[in-house]
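Side chains included, hydrogens not; waters and symmetry mates left out as well; all remaining heavy atoms used. In this text, all values refer to a predicted model and were calculated from it rather than measured experimentally. Throughout, a chain's letter reflects where its sequence line sits, starting with A, and its residues are numbered from 1.
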Amino acid sequence: MSRALALIDGNSFYCSCERVFDPKLVGVPVIVLSNNDGCAVARTPEAKALGIKMGAPYFMIRELCRREKVRVFSSNYTLYGDMSARANAVYRQFAKDVEIYSIDESFLDLSEVRERERLELARDLRSTVRRWTGIPTCVGIGPTKTLAKLANHIAKRVPELGGVCDLSDENERAMWLVGIPVGEVWGIGRASLAKLEALGVDTVADLRDLDPRPARQALTVVGERIIHELRGRACLPLEIVPARRKGCAVTRSFASRVTEQADLEQAVSAHATRLAEKLRRDGLATTQITVFYHTSEHDRGDPKRSVSTVVHLPEATSDSLVLIKAARLGVAKTWREQGPEPWRYSKAGVITTDLVPLTESPRALFGALDRERGGALMAAMDACNRRFGRGTVVPARAGLEAKRTWATKFEMRTPRYTTRLAEVPVVTAMATAGPEIRPSSS
DNA sequence: TCTGGGGTCCTAGGACCC
DNA sequence: TCTGGGGTCCTAGGACCC
């Protein structure tokens, strides 16, 4: 049986999630904004038709949105994450091996399915996901991940295909590949595109026919792999068990510029708190954090400053209190007194790159942290926050929500319909003429 | 006159992805 | 006023070692 992978993804996923809970959004232009209400990161076809580009800064399209009655939403990651989990639960009914590639994309192994039955299965998958979660999807099938991605791209753009496309057959595949620009291939970005154009490569078929060895010169081993994948030779395995994460970052732009040390320290403390929560959730720990903050490239004329500093810890930890202290130290040791033209900082963050499982990490000989006591406290705090919502219990130094002058904007966020009891939608049913239902008397 | 060679590890920066 | 956030992988080059 030949190898076959399917790539299924949600159409305009974030927008579709919003539509599931508000039918009035169907048929009208909808966009979802990035963190801080910065850029458009999801657009329905109606919004794309108005010329709204991926990543367009909101302040530049605000007027257009008002005029064209585009419905605009802040991101609601809690909702999207939960809808994603629901969709994947459906995928697992159709395939034993599923790789969750991103919040809205998964690869399914269909190698066990007979070739002539794959399209039918894909159609069934689409309609089941639609029925059970409300999310519209497209499915692409191919012998490699790169070809499955390409098939998905075709399924999205050719309406006659009904949302599914199978590139398993080599002859049929060759016909499609001559008509697709090479920039649509997964892994070919702006820089690679420019190099390929110089080599006279315009279409996906051109790239497939490129000699892989010299291609490596221009595109590194990554490009060589893509060529093999386009020829149907798999170089990228299906990763069913997610790899352990290597790094973790919490970074945010400020809603307004920050000029005070106290505000900056409070911001990185909050980021460190969130970072620690993520580490504990995954059972990971870090021996050092990088703290950074900088002014904005968009503030023309203002003095520029960019700071990045590493703070080492005595041993690996995921303790919020330890990481907060380290984050504040990172600011304190690099802070410079403001002059007559103060630096107006626009963004700050806390980054780790050396994550290890906490239980496998060596203890410090000197200056060891009190893991037992700290661990118990963190466990109690996490339990409270899981039960009553994030931010219910926070270390005092992380700052209270109400006092955050730098806080991120989410002015148009919808309720967390599926994960907060207080925010579930209320359905009112009107009685119509029909059989009356009464409690049985016997 | 003439100044080895090969290996590992680490980091910074580039590129790409969603 | 207003321009996201969080990841991965690859390569080159320096430090260091024998």
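Here C:dG4 presents its C1' atom at 16 Å from CG of A:Asn76, a figure rounded to the nearest Å. Straight-line distance from the CD1 atom of A:Ile100 to the P atom of B:dC17: 21 Å, rounded to whole Å. Going from atom CG of A:Leu219 over to atom C1' of C:dT11 covers 14 Å, rounded to whole Å. Taking atom CE of A:Met60 as the reference point, atom P of C:dT1 lies 14 Å away to the nearest angstrom. When rounded to the nearest whole Å, the span between CZ of A:Phe254 and P of C:dT3 equals 12 Å. Regarding A:Tyr80, its OH atom lies at a distance of 16 Å from the P atom of C:dG5, rounded to whole Å. Per the geometry, CZ belonging to A:Arg244 stands 11 Å off P belonging to C:dT8, to the nearest Å. Regarding A:Ile103, its CD1 atom lies at a distance of 14 Å from the C1' atom of B:dC17, rounded to whole Å.
In the set C:dT3, C:dG6, C:dT8, the nucleotide with an atom closest to the side chain of A:Lys246 is C:dT8. Taking the side chain of A:Arg225 as heavy atoms from C-beta on, and the options B:dC17, C:dC10, C:dG6, the nearest nucleotide is C:dC10. Checking B:dC18, C:dT3, C:dC2 against the side-chain heavy atoms of A:Cys39 singles out C:dT3 as nearest. The side chain of A:Ala249 has C:dG7 as its nearest neighbour among C:dG4, C:dG7, C:dG5. Proximity note for A:Phe59 (side chain, C-beta onward) versus C:dG4, C:dC10, C:dT3: the nearest is C:dT3. Picking from C:dG5, C:dC2, C:dT11 the nucleotide with the shortest atom distance to the side chain of A:Asn35 gives C:dG5.
Screening A:Val185, A:Val201, A:Leu219, A:Leu207 for a side chain to side chain contact (heavy atoms under 4.5 Å, CB included) with A:Ser192, the sole residue that qualifies is A:Leu219.
A salt bridge does not link A:Glu277 with A:Arg280: none of the charged nitrogens is closer than 4.0 Å to a carboxylate oxygen. Contact check on A:Arg62 versus A:Glu411 returns no salt bridge, with no Lys/Arg side-chain nitrogen under 4.0 Å from an Asp/Glu carboxylate oxygen. Under 4.0 Å is where a charged nitrogen must lie from a carboxylate oxygen, and between A:Glu99 and A:Lys145 at least one such pair does. Classification of A:Asp302 and A:Arg344 as a salt-bridged pair holds, one side-chain N sitting under 4.0 Å from a carboxylate O. Between A:Arg86 and A:Asp82 there is a salt bridge, since at least one side-chain N of the basic residue sits less than 4.0 Å from a carboxylate O of the acidic one.
Listed pair A:Arg216 / C:dC10 fails the phosphate criterion, with no side-chain N or O lying under 4.0 Å from OP1 or OP2. Within the structure, every side-chain polar atom (N or O) of A:Lys149 is placed at least 4.0 Å from both OP1 and OP2 of B:dC17. Close to C:dG6, at under 4.0 Å from its OP1 or OP2, lies a side-chain N or O of A:Thr251. Remark: A:Arg252 is in phosphate contact with C:dG6, judged by side-chain N or O atoms under 4.0 Å from OP1 or OP2. The phosphate of C:dT3 has neither OP1 nor OP2 within less than 4.0 Å of any side-chain N or O from A:Ser34. Side-chain nitrogen and oxygen atoms of A:Lys278 include at least one within less than 4.0 Å of the OP1 or OP2 phosphate oxygen of C:dG7.
Within residues 181-203 of chain A, the residues approached by DNA chain B to less than 4.0 Å at the level of any non-hydrogen atom are A:Val185, A:Trp186, A:Gly187, A:Ile188, A:Gly189, A:Arg190, A:Ala191, A:Ser192, in residue-number order.
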Task: Intra- and inter-strand pairs of DNA chain B in dot-bracket (Watson-Crick or G-U wobble, both distances under 3.5 Å; | for another strand) - done: ....||||||||||||||
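Map A:Gly38 and A:Gly247 each onto its nearest nucleotide of DNA chain C; the residue landing nearer the 5' end is A:Gly38. Remark on DNA chain C: of its neighbouring residues A:Val221 and A:Ser253, the 5'-side contact belongs to A:Ser253, judged by nearest-heavy-atom nucleotide.
Between the A:Thr144 side chain and the A:Ala234 main chain, no donor and acceptor come within less than 3.5 Å of each other. Counting only distance, with no hydrogens or angles, the side chain of A:Thr273 and the backbone of A:Ser320 share no donor-acceptor pair below 3.5 Å.
As judged by a 4.0 angstrom heavy-atom cut-off over every strand, A:Tyr58 is placed among residues making no nucleic acid contact. Contacts of A:Lys409 with the nucleic acid, taken as non-hydrogen atoms under 4.0 Å apart, are absent. Counting non-hydrogen atoms under 4.0 angstrom, A:Asp37 reaches nothing in the nucleic acid. Backbone-only engagement by A:Glu105 is indicated by non-hydrogen atom pairs under 4.0 Å involving sugar-phosphate atoms exclusively.
Pairs engaging residues 127-137 of chain A under the side chain to side chain donor-acceptor pair (under 3.5 Å) rule: A:Asp124-A:Thr128 [sequence neighbours left out].
Between A:Tyr293 and A:Trp343, a ring centre-to-centre spacing not shorter than 6.0 Å is recorded.
When the P atom is used for both C:dC18 and B:dC2, the distance is 29 Å, rounded to whole Å. Across C:dC17 and B:dT3, the matching P atoms stand 24 Å from one another, rounded to whole Å.
The number of heavy atoms from other shown groups lying within 6.0 Å of CZ (A:Arg233) does not exceed 12.
Using cut-offs of 30° and 60° on the angle between ring planes, the pair A:Tyr80 and A:Tyr77 is perpendicular.
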